[in-house]
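Notes for the one structure printed next.
Heads up: numbering here begins at 1 and tracks the sequence.
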Amino acid sequence: MHRSLIILHDEPDGPGELGNFLKRNKASVVVKKPYAGDELPGGVNGFDSIASMGGDMNVHQADIFPFLVKEEEFLRRAVESGTPVLGVCLGAQMIAKALGGEVKESPVTEIGFFDVELTGDGERDKYLHGLDLKFKAFQWHRDCFVPPPGSRVLAASSGGQISQAFRYKNALAIQFHPEVNYGILKNWFASSRRKDRILNEFQELEPAIYRLGQAIFANFFGL
């Protein structure tokens with residue numbers, strides 16, 4: 001049985017469709033919430049995959065969120081061990097920083113649905129197999145990553161301003177959110193004036209957003 005560790009960074013940022021995918025495929029899932037005091041495992045042995053999800057903080061706020069330091073080291077050791085590691089949004093930025101990349105203020109704040117385009121490397125990478133060359137994805141970030149040395153950029157925002165995915169050995173880092181569903185977005189935008197517009201747009205795009213997430217998860221987890 002596939003055994004996966006999912007790291008969450010705050011309560012509204014659950015695993016969403018990633019969790020549903022793993023459940024449908026009868027994977028054994030261990031969820032850790034460092035922000036709530038959970039300790040990460042001492043090692044990665046026993047896990048077939050690790051996923052680090054999004055969060056409201058940024059990677060440079062270790063003075064406020066000390067768990068970020070331990071998690072960064074944990075992710076670095078996981079990648080070095082050969083364990084497949086998936087990072088989503090904050091999780092992707094954590095992987096970038098852990099491996100010697102940079103996380104900085106994004107030239108464009110992206111909140112909503114935006115076009116993403118695969119690079120040549122992305123077209124050929126097994127983790128993104130079956131994705132359209134250009135697709136809509138949900139974004140919520142004010143920072144972005146500069147991929148670490150030795151990695152390959154797999155996707156970028158339309159126009160190439162922002163790297164949206166990179167591959168480093170067994171690690172896949174994704175800036176956008178393939179795990180979103182209606183419930184997650186309703187929660188995230190509960191007090192926003194944009195709530196109705198975002199939810200309506202999601203309902204129009206839902207089949208494509210669902211296929212996007214399922215393709216990435218199936219490729220990455222091999223399930």
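- Here the straight-line distance linking atom CD1 of Ile162 with atom OG of Ser106 works out to 3.0 Å at 0.5 Å rounding.
- Using the six-membered ring where Trp is involved, Phe189 and Trp140 have ring planes that are tilted, between 30° and 60° apart.
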- Message: Walk me through whether His2 and Lys26 qualify under side chain to side chain contact (heavy atoms under 4.5 Å, CB included).
- Response: CA-CA 8 Å; His2 187 101; Lys26 297 179 171 54; over 6 Å; no

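- Under the salt bridge (Lys or Arg N to Asp or Glu O under 4.0 Å) criterion, Arg167 pairs with Asp125, sequence neighbours left out.
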Determine all donor-acceptor pairs shorter than 3.5 Å in which one atom belongs to a side chain in residues 87-103; sequence neighbours excluded.
unit_1	atom_1	unit_2	atom_2	d
Gln93	NE2	Asp143	O	3.2
Gln93	NE2	Gln175	OE1	3.2
Lys97	NZ	Glu72	OE1	2.8

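- The main-chain N or O of Lys33 is found under 3.5 Å from a side-chain atom of Asp38 such that the two form a donor-acceptor pair.
- Note that CG of Leu154 and OH of Tyr168 are 14.5 Å apart. Values are rounded to the nearest 0.5 Å.
- Between the side chains of Glu110 and His141, a donor-acceptor pair is found at a separation under 3.5 Å.
- Panel note: side chain Asp48, backbone Arg3; a donor-acceptor pair is recorded below 3.5 Å.
- Within the structure, no pair that satisfies the ring pair (Phe, Tyr, Trp, His ring centres under 6.0 Å) test touches residues 68-96, not counting sequence neighbours.
- The only option from Leu205, Leu212, Asp115 that meets the side-chain contact (heavy atoms from CB on, under 4.5 Å) definition with Phe135 turns out to be Leu212.
- Take Tyr35 and apply the side-chain hydrogen bond (donor to acceptor under 3.5 Å, both in side chains) test, not counting sequence neighbours, and it matches Glu11.
- Side chains of Gln164 and Glu117: no donor on one and acceptor on the other come within 3.5 Å.
- Residue pairs meeting the side chain to side chain donor-acceptor pair (under 3.5 Å) criterion with at least one partner in residues 190-204, sequence neighbours excluded, do not occur; the list is empty.
- Ring-plane geometry between Trp188 and His177 is classed as perpendicular, the angle between the planes exceeding 60 degrees on a 0 to 90 degree scale with a lower cut at 30.
- Within the structure, side chain to side chain donor-acceptor pair (under 3.5 Å) pairs that include any residue of residues 210-223 comprise Arg24-Tyr210, Arg24-Gln214 (at least two apart or interchain).
- To the nearest 0.5 Å, the span separating NE2 on His60 from NZ on Lys104 amounts to 11.0 Å.
- Between Glu73 and Lys70 there is no salt bridge, since no side-chain nitrogen of the basic residue lies less than 4.0 Å from a carboxylate oxygen of the acidic one.
- By the rule that hydrophobic residues join a cluster once side-chain heavy atoms approach within less than 4.5 Å of another member, Leu172 and Val180 end up as members of separate clusters.
- Atom OG1 of Thr83 is separated from atom CG of Leu75 by 11.0 Å, given to the nearest 0.5 angstrom.
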- Might you work through the ring-ring contact (aromatic ring centres under 6.0 Å, His included) test for Phe166 and Phe145, ending with a clear yes or no? CA-CA 10 Å; Phe166 73 81; Phe145 53 68; 5.1 Å; yes

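- Distance check, rounded to the nearest 0.5 Å: CD1 of Ile216 to NE2 of His129 gives 13.0 Å.
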